[in-house]
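Shown next, in structure tokens, is the structure this report addresses.
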Amino acid sequence: MDAIAQSRSYIDKIVGHKALRKDSNVGKVMLLDEYTTQVLANVYSQTQILEKEFYLIEQLNATHEPMPHLKAAVYVRPTAANIEIIIREISQYIFFSNILSKDLLRLLADADDQEVIKQIQEYYGDFIAVNEDLFSLNMKNSLSLTSQSPSQVDSNLFDQSVQGILAMLLSMKAEPSQIRYQGRSQVAQRVANEIQRNIQADGIFHFTRQEGPMVLILDRMDDPVTPLLSQWTYQAMVHELLGLNRNRVVLKGAPGVKTAELEEVVLSCTQDSFFADNRHSNYGDLGIAIKELLDGYQKQSKMNENISSVEDMQAFMERYPAFRSQSHNVSKHVVLMSELSRLIDECKLLDVSHQEQALACHDDHSAQHRKLIATIRGGQIKAADKLRLALLYVLRYEGQCDVDTLKRELVDGGVSDEKVRLIDLMIAKAGKAVRAPGLYGDGSFMSKMAKNLSTGLAGVENVYTQHIPLMVNTLDAALKGKLKETQFPSAGSIPVPSIPSSVIVFIVGGTTYEEATKVAEIIHNNQIKEKLF
């Protein structure tokens, strides 16, 4: 399944609704909540929405004048807060991004005493499609879900996690063949059990046409290392260094930006074929690809210079829109590459990343401690990067290192007291006593799998990309039918050991682009479909 295509198909059904298309001379407006605005932005451009004659996209709770001359389509999450807003100004066509509870449906029906509502429809697009094989729920403070105390977990975040997975299953029209979870994680167990309970309680999930996917619930705190590492693939670098939100990158103020149209650029795999082809490319390969893109554009430019007849002018005008679009696309990627290169040099990220990879992948306490102290005392590395290196060091050598001395060194090296306290928090939340085994290859099953995977995955092997996320090892075991019930129990009945046809991986607390790239590689190599959060 393609997460982007599925999410877009639901938007297509709304904007192409027969009743909304009936009067072509009547303008249309789409009312969204904050979440469905992000859903829409990731799969539809403003131009594409305008082509469907939706001339206004507005927040559901926005203050506005009455607009009786416009037809309105509401697309929101089925929450009590949204129902309360809808009741104040009822629209004819209401679409929900997930299952609407009977209680909320009754509230809506009771409020519609004038029988204004003509249609209520459930579309199961309650997820944000980032890539074809990557979806997110984009929840703020999602790491708070990993608390070991259920009483401290935000119920709204927990419910949205469960509902997001259920929406993905409904969009796939699939009932999971098995639901597995990290056995040492309380929150992973709670999410798995709640998914199982919802599926058993509602016949809408009972599809019989084919074997459903395995749903695998993991805990971010079992691998705190991966999010701390610098990234070297295009999509990941842009996200980490520049910020990639709703497929947009803000470049205003960057030294290489000379025109207004490059101050904010769209970076979408559905609208930009170059980005789609190179989002998982490493930094070195990306530079070569952008050089080839620029060379192709320059050849096209020279062809446009040779205009000596009316026929040449006519041919030029026919290809001008595509040429102008190509010009903007080339400029965009050149500027992005230039800004990434500038930040890499300014932040000394090659040196930082080399040290990060050593801490993540190799056990050499004495040498790494000397290097870390020298880096902290030096003035070239930014405070945030000093802290990240210290966190990686403490995670690997917990119980062997002097944490108090390290914290004093960090303070002396320019890291604030508030940030230094993250050292203790990291140990408390993701230390040896809390996380599952296998992070550093401790002789467990996962450690053995890592050795096999290190040479089996596609990708560039160098000092900056040595690290293999723990999730990849777990997923590989799942795809081979080798997950142990003792380590990854099942929610509900214990399944007969089998190799799943597909896997939905959900990481409570969030995923990384490094993990997404590895999943894309697995799919490319094995032609197996996974979804990753």
Side-chain angles (χ1 to χ4, degrees), residues 1-11 35 38-44 97 124-139 142 160-161 163-172 174 213-220 223 226-227 229 231-240 243-249 266-273 275-282 457-459 468-472 474-476 478-479 502-533:
M1 177 186 151
D2 182 332
I4 291 177
Q6 192 57 55
S7 180
R8 185 183 173 86
S9 73
Y10 290 135
I11 306 296
Y35 188 79
Q38 299 173 63
V39 172
L40 176 69
N42 267 47
V43 296
Y44 249 84
S97 64
Y124 308 110
D126 204 15
F127 53 87
I128 297 169
V130 182
N131 293 335
E132 296 86 350
D133 45 25
L134 171 65
F135 73 93
S136 169
L137 303 184
N138 209 22
M139 300 184 300
S142 61
Q160 188 175 346
S161 299
Q163 294 303 318
I165 300 170
L166 293 174
M168 177 55 70
L169 288 167
L170 288 171
S171 71
M172 295 174 68
M214 172 193 288
V215 175
L216 178 59
I217 311 297
L218 305 178
D219 190 329
R220 178 75 275 162
D223 178 9
T226 301
L229 300 176
Q231 298 303 306
W232 293 101
T233 55
Y234 195 12
Q235 189 176 35
M237 285 193 297
V238 171
H239 177 263
E240 182 170 325
L244 179 59
N245 298 296
R246 300 183 186 182
N247 289 341
R248 284 166 172 76
V249 184
V266 174
L267 204 58
S268 166
C269 58
T270 61
Q271 301 172 41
D272 184 339
S273 59
F275 179 65
D277 293 340
N278 292 280
R279 58 192 141 159
H280 299 306
S281 296
N282 67 67
L457 287 175
I468 301 293
L470 181 63
M471 180 280 301
V472 177
T474 306
L475 177 57
D476 186 75
L479 291 171
S502 59
V503 181
I504 297 175
V505 182
F506 187 89
I507 304 179
V508 181
T511 189
T512 67
Y513 279 108
E514 180 181 351
E515 289 159 327
T517 294
K518 295 301 183 185
V519 167
E521 290 173 0
I522 293 173
I523 294 172
H524 177 74
N525 292 339
N526 299 327
Q527 297 183 333
I528 298 174
K529 297 181 179 179
E530 290 89 9
K531 293 293 170 288
L532 168 70
F533 167 70

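Values below: all heavy atoms of this structure, side chains included; hydrogens, waters and symmetry mates excluded.
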* To do: Evaluate the side-chain proximity of Val519 to Val505: yes if any heavy-atom separation is below 4.5 Å, no if none is.
  => no

* Asked: Can you tell if the side chain of Ile507 reaches within under 4.5 Å of the side chain of Asp223, non-hydrogen atoms only?
  -> no

* Rounded to the nearest 0.5 Å, how far does OG1 of Thr511 lie from CE of Met471? -> 5.5 Å

* **Phe275: partners by ring-ring contact (aromatic ring centres under 6.0 Å, His included), with sequence neighbours left out** => Tyr234

* Structure fact -> CZ (Phe506) and CD1 (Ile165) are apart, to the nearest 0.5 Å, by 4.5 Å

* Determine whether Val508 and Ile217 make a side-chain contact, defined as any pair of heavy atoms from C-beta on separated by less than 4.5 Å. => yes

* Structure fact -> Scanning both residues in full, the closest heavy-atom pair of Ile4 with Cys269 reads CD1-SG, 3.4 Å

* Measure the spacing between CD of Gln231 and CE of Met237 and express it to the nearest 0.5 Å. => 9.5 Å

* Nearest atoms (heavy-atom pairs only) where Ala41 meets Arg246 -> CB-CB, 4.1 Å

* Donor-acceptor pair between Ser9 and Gln6 side chains, under 3.5 angstrom -> yes

* 4.5 Å side-chain heavy-atom contact, Thr512 and Leu229 -> no

* May I ask you to test the Leu479-Val503 pair for a side-chain heavy-atom distance under 4.5 Å? => yes

* To do: Could you list the residues that satisfy side chain to side chain donor-acceptor pair (under 3.5 Å) with Gln235, not counting sequence neighbours?
  => Asn131

* Structure fact -> Those residues at least two apart in sequence (or on a different chain) that pass side chain to side chain donor-acceptor pair (under 3.5 Å) with Tyr513 are none

* Asked: Atom CG of Asp476 and atom NZ of Lys518: how far apart are they, to the nearest 0.5 Å?
  -> 12.5 Å

* To do: Using ring-ring contact (aromatic ring centres under 6.0 Å, His included) as the criterion, list what pairs up with Tyr35, not counting sequence neighbours.
  => none

* To do: Mind checking salt bridge (charged side-chain N to carboxylate O under 4.0 Å, His left out) for Arg248 and listing every partner two or more places apart, or none if nothing turns up?
  => Glu264

* Can you name the residues that form a side chain to side chain contact (heavy atoms under 4.5 Å, CB included) with Ser7, not counting sequence neighbours? -> Val39, Val43, Phe127, Ala129

* Supply the atom-to-atom distance Thr517 OG1 to His524 NE2, rounded to the nearest 0.5 angstrom. => 13.5 Å

* Tyr124: what forms a side chain to side chain donor-acceptor pair (under 3.5 Å) with it, not counting sequence neighbours? -> Glu122

* Determine the minimum heavy-atom distance between Pro213 and Ser502, stating which atoms define it. => CB-OG, 3.2 Å

* **Any side-chain heavy-atom pair of Ile504 and Met172 under 4.5 Å** => yes

* **Distance (rounded to the nearest 0.5 Å) between Thr233 OG1 and Asn278 CG** => 11.0 Å

* To do: Please report the shortest heavy-atom distance between Asp126 and Leu137, naming the atom on each side.
  => O-CD2, 3.7 Å

* What's the verdict on side chain to side chain contact (heavy atoms under 4.5 Å, CB included) for Ile11 and Leu40, showing C-alpha distance, side-chain angles and the deciding distance? -> CA-CA 7 Å; Ile11 306 296; Leu40 176 69; 3.6 Å; yes

* To do: Using the side chain to side chain contact (heavy atoms under 4.5 Å, CB included) rule, take Val215 and Leu169 through it: C-alpha gap first, then chi angles, then the decisive distance, then the call.
  => CA-CA 9 Å; Val215 175; Leu169 288 167; 4.1 Å; yes

* In chain order, what residues pass the side chain to side chain donor-acceptor pair (under 3.5 Å) check against His239, with sequence neighbours excluded? -> none

* Structure fact -> For Asn247, the side chain to side chain contact (heavy atoms under 4.5 Å, CB included) test, sequence neighbours excluded, returns Asn42, Ser268

